[in-house]
Amino acid sequence: MEHTVALKQNHIFRRLYARGESAVGRFVVVYARRNGTRTSRLGITTGLKLGHAVDRNRARRRIRECYRLQEERLKPGYDIVVVARSAAVDGDFREMQRSFLHQCKKLRLLKEEQT
RNA sequence: CAACCGGGCCGGACAGCCGCGCGGGACGGUCGAAAGGCCCACCGUGAGGAAAGUCCGGGCUCCACAGGGCAAGGAUAACGGGUAACGCCCGCCGAAGGCGACUUCAGGAAAAGUGCAACAGAAAUAGUCCGCUGCGCCCGCCGCAGCAAGGGUGGAAAAGUGAGGUAAGAGCUCACUCGCCGGCUGGAGACUGUCCGGCGCUGUAAACUCUAUCCGGAGCAACACCGUGGAGGAGACGCAUGGCUGGCCCGGCCGUCUCCGGGGAGGUGGCAUGGAGCGUGCCGGCAACGGUACGACAAGAUAGAUGGCUGUCUAAGACAGAACCCGGCUUACAGACCCGAUUGCCGG
RNA sequence: GGAGUGGUACCCAAGAGGCCGAAGGGGCUCCCCUGCUAAGGGAGUAGGCGUCUAAAAAGCGCGCGAGAGUUCGAAUCUCUCCCACUCCG
């Protein structure tokens with residue numbers, strides 16, 4: 001990924017849940033907040049409710065792929081947390097991408113020329 | 001052909017584009033004084049039969065003991081073998097189930113001792129409620145004596161059947177049968193039997209216990225190393241310079257530097273091609289397995305690498321993701337294939 | 001990844017081989033107290049599911065997380081599985 005690193009620290013996750021803006025979709029929930037740098041940080045949460053390790057891994061990969069395919073349309077400099085819902089495991093992928101893009105638009109994460 | 005039994009093996013493949021972890025890395029780029037680091041085309045490689053549960057056995061590390069015995073606690077349990085070891089595997093014996101192939105079994109000791117066996121029943125490890133027989137008289141739903149066959153209760157009632165015997169009866173006696181113990185026979189052994197002798201004993205040790213064998217404890221978040229800052233200790237410097245205390249000086253505190261120090265965050269090692277491992281042939285063995293020759297074997301992350309789109313294969317669809325490493329067990333599981341056996345039917 | 005603890009009625013729970021649908025408390029219903037309520041005191045009922053029934057009671061069967069096993073008999077003993085919770089950076 002071009003301008004994105006992994007978001008790992010638990011306290012940043014907590015801050016996003018508490019203070020960030022969110023958008024809920026059928027597949028995932030997106031939290032976002034400006035972080036004051038030129039790179040974005042992406043964190044993915046796949047809770048125990050989704051199933052066993054295989055299902056959680058799959059959800060995480062699909063979310064990462066979703067983000068990768070849309071990354072160049074997004075503005076850099078945000079902390080983003082994506083929480084998987086159960087449809088993220090085995091729902092239709094193209095529909096999932098559309099839904100994700102729509103949520104990003106709602107949070108004003110898209111670059112100017114795209115809006 | 002059908003049904004059933006046992007064992008083995010696989011559990012998606014191929015192609016295209018984009019993307020990911022690890023190892024290598026030309027030309028070049030970039031950072032740096034240098035050593036070297038980073039980026040990069042490309043190449044190699046990349047989850048399981050259960051990776052799972054963490055139920056056993058080891059390796060490894062630290063702690064304790066450093067020798068032996070006893071006690072406590074725990075584990076295992078027919079017998080013989082295999083193994084580094086095991087509670088695993090193989091063979092075999094016994095019991096139970098199945099027409100059979102075969103399957104299942106915590107399967108040592110109850111005749112060393114202790115405990116428990118509710119309710120029912122007369123009685124639960126020990127004698128008598130109904131009853132049977134004899135005798136007595138005040139002839140009654142009576143008393144005394146004998147009996148343990150029959151009835152009834154119960155999961156279990158003091159071997160079973162027949163005959164003799166008797167007042168009535170009883171392993172009281174006899175025959176056969178059943179079970180237990182000892183001898184003898186065969187076997188490596190558990191066991192066994194057209195044999196001999198003795199005995200007739202409730203069940204429960206997944207109750208205590210006894211017998212035999214084994215076991216020190218904790219775990220890779222173990223453990224080892226590096227370690228900015230901050231707190232602490234020691235020393236030096238300056239008082240030429242600043243701040244606080246003070247009217248001022250001395251002094252004290254803050255200050256600057258060096259060393260010591262246990263070590264939070266973080267990092268590195270542990271940690272990865274090799275292991276009590278796997279495949280094939282041959283030899284030994286009924287087998288588990290052992291020996292030998294040859295061959296193949298690069299996952300190693302640290303928020304944790306395999307995804308997305310498309311096509312072909314008649315169809316792609318189960319359970320499911322390595323986290324220090326091995327040997328097992330258990331549990332989950334769509335489908336495909338192979339081998340061997342049993343029973344039934346039909347045909348030759 | 002590793003180590004451990006516990007599942008009993010609507011809730012909190014006792015029971016640790018037979019008399020156990022299973023103590024006790026909360027809860028629920030009625031009464032007293034109060035102008036009314038809360039608190040307090042007293043009395044009482046059912047306890048889940050199925051079967052039988054027009055409906056209920058009584059009775060019967062099954063139920064102590066689930067499934068096997070040991071025993072004459074299991075909430076209790078043993079094994080396997082499921083779920084919840086705690087600790088180790």
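Chain identifiers are assigned alphabetically (A, B, ...) following the order of the sequence lines, protein sequences preceding nucleic acid strands; residue numbering begins at 1 within each chain. What you see below is based on every heavy atom in this structure, not just the backbone, and it leaves out hydrogens, waters and symmetry mates.
- When both distances must be under 3.5 Å, the Watson-Crick or G-U wobble mate of G247(B) does not exist.
- For G1(C), the paired nucleotide is C88(C), the pair qualifying as Watson-Crick or G-U wobble because both relevant distances are below 3.5 Å.
- Scanning both residues, Ser40(A) and Gly77(A), for their nearest heavy atoms gives OG-N, 3.1 Å.
- Nucleotide G171(B) is shown with a syn base, its glycosidic torsion being within 90° of 0.
- When both distances must be under 3.5 Å, the Watson-Crick or G-U wobble mate of C42(B) is G24(B).
- Between the C1' atoms of U161(B) and G171(B), the separation comes to 13 Å (whole Å).
- Between the P atoms of G155(B) and G61(C), the separation comes to 15 Å (whole Å).
- The pair Glu21(A)-Lys106(A) does not count as a salt bridge, with every side-chain nitrogen at least 4.0 angstrom from each carboxylate oxygen.
- G91(B) is paired with C79(B) under the criterion used here, namely a Watson-Crick or G-U wobble arrangement in which both key atom distances are under 3.5 Å.
- Nucleotides A112(B) and G182(B), compared at atom P, are 11 Å apart to the nearest Å.
- When Watson-Crick and G-U wobble pairs are counted only if both distances are under 3.5 Å, G219(B) pairs with C60(B).
- The P atoms of C223(B) and C79(C) are separated by 32 Å, rounded to the nearest whole Å.
- In this entry the distance linking CG of Asp55(A) with C1' of G321(B) reads 10 Å, nearest Å.
- With P as the reference atom, A205(B) and G193(B) are 27 Å apart, rounded to whole Å.
- Residue Phe100(A) comes nearest to Gln70(A) through the heavy atom pair CD2-CG, 4.2 Å, listed as atom of the first residue, atom of the second, then distance.
- In a base pair of the Watson-Crick type (N1 to N3 plus N6-O4 or O6-N4) or a G-U wobble (N1-O2 and O6-N3), with each distance short of 3.5 Å, A109(B) is matched with U209(B).
- Base-pair partner of A293(B): U280(B) (Watson-Crick or G-U wobble, both distances under 3.5 Å).
- Of all heavy-atom pairs spanning Ala88(A) and Phe27(A), the tightest one is CB-O, 3.6 Å.
- Applying the 90° cutoff around 0 to the glycosidic angle, G274(B) is assigned syn.
- Side chains of Gln103(A) and Ser99(A): a donor-acceptor N/O pair is present below 3.5 angstrom, by distance only.
- Closest of all the heavy-atom pairs between Arg56(A) and Thr46(A) is CD-O, 3.5 Å.
- Distance CG (Leu50(A)) to P (A320(B)): 15 Å, rounded to an integer number of Å.
- Separating the C1' atom of G12(B) from that of G285(B) is a span of 40 Å, rounded to the nearest Å.
- Using modelled atom types and a 3.5 Å distance limit, the side chains of Thr45(A) and Tyr17(A) yield a donor-acceptor pair.
- Look at Glu65(A) and Arg68(A) and you find a salt bridge, because one of the NZ, NE, NH1 or NH2 atoms lies within 4.0 Å of a carboxylate O, short of that distance.
- The partner of A38(C), taking Watson-Crick or G-U wobble pairs whose two distances both stay under 3.5 Å, does not exist in any strand shown.
- Taking the O4'-C1'-N9-C4 or O4'-C1'-N1-C2 dihedral as appropriate, G197(B) has a value more than 90° from 0 and is therefore anti.
- Only the C1' atoms considered, C199(B) is 44 Å distant from C215(B), to the nearest whole Å.
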* Asked: Once each nucleotide of nucleotides 303-310 of chain B is scored for protein heavy atoms under 4.0 Å, what B/S/- sequence comes out, 5' to 3'?
  -> SSSSBSSS
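- Scanning for salt bridge (charged side-chain N to carboxylate O under 4.0 Å, His left out) contacts around Asp79(A) gives Arg41(A), with sequence neighbours left out.
- Residue Arg56(A) contributes atom CZ, which lies 13 Å from atom P of A52(B) at whole-angstrom precision.
- Going from the P atom of U331(B) to that of C105(B) covers 11 Å, rounded to whole Å.
- Classification of A47(B) as syn follows from a glycosidic angle within 90° of 0.
- By the rule that a glycosidic angle within 90° of 0 means syn, G165(B) does not qualify and counts as anti.
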